[in-house]
Amino acid sequence: MKITGYISNLRENILIAREQGKAIVLIPTMGFLHYGHLAMVEDARKDDEDREKVYIIMSIFVNPLQFGKNEDFDRYPRNLVRDSTLAQEAGVDMLFVPSAKEMYPNGQSLTTINVTQISEILCGSKRPGHFKGVATVVSKLFNIVLPDLAYFGQKDYQQFVVISQVVKDLNIPVQLIAFPTVREHDGLAMSSRNSYLSSEERQQAPILYSSLQEGAVLIAENETNADVIKTKIIDRISKESKGKIEYVEVRNAHNLEQIEKIEGAVVISLAVQFGSTRLIDNIILEV
Ligand code: PAF
């Protein structure tokens, strides 16, 4: 595995891989890798047992543009030594670890990508500017790498919908994969931010997924009222944990519009604060 912090060097290596006929795969991350990230590498490798057909680039960049002033940019966990070992073992071909100066030479980007409407709801209403930062950095990464395929975790489902909209609106020729959320043995969605949880918070956090599953069971039993599902989930989390609910929403999975009746592709998503840690999770159902 090669490691570079430089766009020019990355592009030189991509050119060689392209000349060898390889498909270029991008897995953007903010590092502090866990199995949720590594499973995407495994998936990209799955049809490529001789490791010859795809060229996998993983980026690690804690993007300042997507953090609000009082958010966790400074304390976001970073461990490049550990990350590079894990990435290499998983089969990454090139690790791209740019500095903020390499990505934003003037300290900022005068050009930003703002996806209206879907960036302003759910997590976006609590984190103004967050999705603009995400859409901008991901668009930059797409332009730097020109990937054929890019992977994003389904845990950040709104992020996936926002990026899909960017790709559609700006005609970016990349195929996006929403990779299923990888979970701990007790159901908690893997996240670099889980490392912030105290042991009591960690014990309580699986309630998020089990309450989402309870919602899914009710829907399977023919409950079609979105408010009933929301209320059940809110009640369960409030009763069984000290988590402070930011939102629980049942929405159309394609455009994130609010729905009253559950039908078609539906996403149940939630954000809950455990102490100083904000956790998100979701499930997608086809009804
Ligand atoms: O999901 C993440 O880790 C980040 O939001 C991403 C997509 C790497 C952009 O910084």
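In listed order, ligands and their atoms are each counted from 1. Atoms considered below: every heavy atom in the structure, side chains included; atoms not considered: hydrogens, waters and symmetry mates.
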Quiz item: Looking only at protein heavy atoms, which one is nearest to atom 2 (C) of ligand 1, and how far off is it?
Solution: Gln159 NE2, 3.9 Å

Quiz item: Which residue and non-hydrogen atom of the protein lie closest to atom 3 (O) of ligand 1, and at what distance in Å?
Solution: Met30 CG, 3.5 Å

Quiz item: Which residues satisfy the ring-ring contact (aromatic ring centres under 6.0 Å, His included) test with Phe73, sequence neighbours excluded?
Solution: Phe67

Practice problem: Give the atoms of ligand 1, by number and element, whose distance to some non-hydrogen atom of Pro28 is under 4.0 Å. | Solution: 8 (C)

Quiz item: If you round to the nearest 0.5 Å, how far is OG1 of Thr136 from CE of Met103?
Solution: 10.0 Å

Quiz item: What atoms of ligand 1 come closer than 4.0 angstrom to any heavy atom of Thr29?
Solution: 8 (C)

Practice problem: Please identify which atoms of ligand 1 are closer than 4.0 Å to at least one heavy atom of Val137. | Solution: 9 (C), 10 (O)

Quiz prompt | Contacts of type side-chain hydrogen bond (donor to acceptor under 3.5 Å, both in side chains), residue Tyr157, not counting sequence neighbours | solution = none

Quiz item: Which residue and non-hydrogen atom of the protein lie closest to atom 9 (C) of ligand 1, and at what distance in Å?
Solution: Gln66 OE1, 3.4 Å

Practice problem: Tell me whether the guanidinium CZ or amine NZ of Arg11 lies under 6.0 angstrom from the six-membered ring centre of Tyr6 and within 45° of its axis. | Solution: no

Quiz item: Between Arg202 and Pro206, what is the shortest heavy-atom contact and its length?
Solution: O-CD, 3.2 Å

